[in-house]
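Presented below is the structure to which this report refers.
Chain identifiers are assigned alphabetically (A, B, ...) following the order of the sequence lines, protein sequences preceding nucleic acid strands; residue numbering begins at 1 within each chain.
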There are 2 protein chains.
Amino acid sequence: MQGAPHILIVDDHREIRDLVSRVLVKDGFRVSTAADGKAMRKTLADSRIDLVLLDLMLPGEDGLSLCRTLRAASNIPVIMLTAKGDEIDRVIGLEMGADDYLPKPFGSRELIARIKAVLRRTHETMTATRAEPRAKRYQFDRWGLDTGARELIRDDGATMPLSTGEYDLLIALVERPQRVLSRDQLLDLARGRTANALDRSIDTQVSRLRKKLERDPADPKIIKTVWGGGYMFTPAVTHE
Amino acid sequence: MQGAPHILIVDDHREIRDLVSRVLVKDGFRVSTAADGKAMRKTLADSRIDLVLLDLMLPGEDGLSLCRTLRAASNIPVIMLTAKGDEIDRVIGLEMGADDYLPKPFGSRELIARIKAVLRRTHETMTATRAEPRAKRYQFDRWGLDTGARELIRDDGATMPLSTGEYDLLIALVERPQRVLSRDQLLDLARGRTANALDRSIDTQVSRLRKKLERDPADPKIIKTVWGGGYMFTPAVTHE
DNA sequence: TGGCGCCTGACACACTTTGTCACAGAAATC
DNA sequence: GATTTCTGTGACAAAGTGTGTCAGGCGCCA
């Protein structure tokens, strides 16, 4: 994990989202919020989330089933929040795959302690496993990208050396083609950090990447600029 | 065993993990923790653990069955911890393969004495009998690695001599392909010690290994550098 | 259409991280 | 105990990354 851990709060009450958000931000975490399962999935797809705080009671899909599907698809740690008086037992939450369980109302100190404990626990073991679940191959334009070998290969067989930063940025783009990604999102996805006011590092990295990928870097076809919005990876990507 | 012994504490109570952890760290041990069987297995896969402190009562899989499976797969020594009032007898724990048995509450002096005794005991027998449970053969790129003979053989039949340090580092890498390993992890896995601030020994050793493994050491394909992250062993490894 | 302000591309430069070599102390071997 | 081999440290070179600057492009408004 680079930079501050990124926490996603999933709760249908705005007041709770704002309150918890303030507490976590004050403690140095990066925070995103979602009001329901749909928003949660969107944020998970668009950011590099380190931990999910999930309310048990949600309108539509409830927290338990969300937790289960989340667990099936990834191994992002989950802390379950439940309203006081819920009949649910800690055990049920943990059986659904939650890493911890916290009954409302809870103090901010306790919340933060639990988050740090879960992060510490999963970090020790996850650094390695999550990094590359399994090697994948992507194809786009005249390029092939091998995540196992960390290599970019042109269709004539020549390998194009990529620096770590260029590689990480390219992965972030290739995994989200035909979508506008803001500089914030790219920084989060590729570097795991947030931008400060005058951050131009993504621009520089895009420029370097274009110089290696594009036939004519002055007229980019692969990574297009969305004026005022960010960048978009335009080619069709065939996966695996 | 090189460096300070690395102890893994497996207990579902955070307070106990933290308390025991502090005691052991203060006595010079290196410590990792896990809250359940799943976390335990991951840590065992990612670190070189010398001894496991295992709570008998765990949610999900209980300590006894964990101990049994642990024993089936490796010969890492285990000390069982049981809550006061447990009906279980020392004998049962030992029958499951534990090396010692310690009822809660226990004093820190007693805990440390037992750990040292078990380590001393198993160290003697392990060095005497066999270091490796069984010989394995790995294949990657154009190389074959025989852990029985501690030999690296190129596909044209020539053997490449490796020093002990190079061999240990290579094993650590080969057993975790396509995963980014930090210098800390590699130092732990290959040398059994932790890094101090300006430790560059892994870099040097990687450089030496590349000079022997890579076709072109200046453009490494097998051991790749992850800038700001560590190293990654990229080739597909066929085991045995 | 021209002017203005903001956004982006490109590049140089400072700074951090990594590669490599020489060397000295440690360890192994004889 | 002497010699050889191995390993970690320091030093310097090389590579990677982010910031600042300047030039040019884009949208907006008159």
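Between B:Tyr167 and D:dT7 there is no side-chain N or O to OP1 or OP2 distance below 4.0 Å.
Checked by atom type, the side-chain pair A:His6/A:Ser47 shows no donor-acceptor distance below 3.5 Å.
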I'd like a list of close polar pairs between nucleotides 24-30 of chain D and the protein, N/O only, cut-off under 3.5 Å.
none

Please tabulate, one pair per line, each protein N/O and nucleotide N/O from nucleotides 20-23 of chain C that are separated by under 3.5 Å, including the distance.
{"residue": "C:dT20", "atom": "OP2", "partner": "B:Ser207", "partner atom": "OG", "Å": "3.3"}
{"residue": "C:dC21", "atom": "OP2", "partner": "B:Lys211", "partner atom": "NZ", "Å": "2.9"}

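For the helix from C:dT1-D:dA30 to C:dC30-D:dG1, the end axes, each set by the C1' atoms of five terminal pairs, are bent relative to each other by 30° (nearest 10°).
Screening residues 220-240 of chain B for ring-ring contact (aromatic ring centres under 6.0 Å, His included) gives B:Tyr138-B:His239, B:Phe140-B:Phe233 as the qualifying pairs, with residues at least two apart or on separate chains. Residue pairs satisfying the salt bridge (Lys or Arg N to Asp or Glu O under 4.0 Å) criterion with at least one member in residues 17-26 of chain A, sequence neighbours excluded, are listed as follows: A:Arg14-A:Asp18.
A:Thr159 meets the side-chain hydrogen bond (donor to acceptor under 3.5 Å, both in side chains) test with B:Lys221; sequence neighbours excluded. In this view, A:Asp27 and A:Lys116 satisfy the side-chain hydrogen bond (donor to acceptor under 3.5 Å, both in side chains) rule, not counting sequence neighbours. Applying the side-chain hydrogen bond (donor to acceptor under 3.5 Å, both in side chains) test to A:Asp141 and every residue at least two apart in sequence or in another chain returns nothing. Remark: B:Ala149 pairs with B:Asp146, B:Glu151 by the side chain to side chain contact (heavy atoms under 4.5 Å, CB included) rule, at least two apart or across chains. For A:Arg142, there are no side-chain hydrogen bond (donor to acceptor under 3.5 Å, both in side chains) partners at least two apart in sequence or on another chain. A search for side chain to side chain contact (heavy atoms under 4.5 Å, CB included) contacts involving A:Lys42 returns A:Asp46, not counting sequence neighbours. Applying the salt bridge (charged side-chain N to carboxylate O under 4.0 Å, His left out) rule to A:Asp216 yields no partners; only residues at least two apart in sequence or on another chain are considered.
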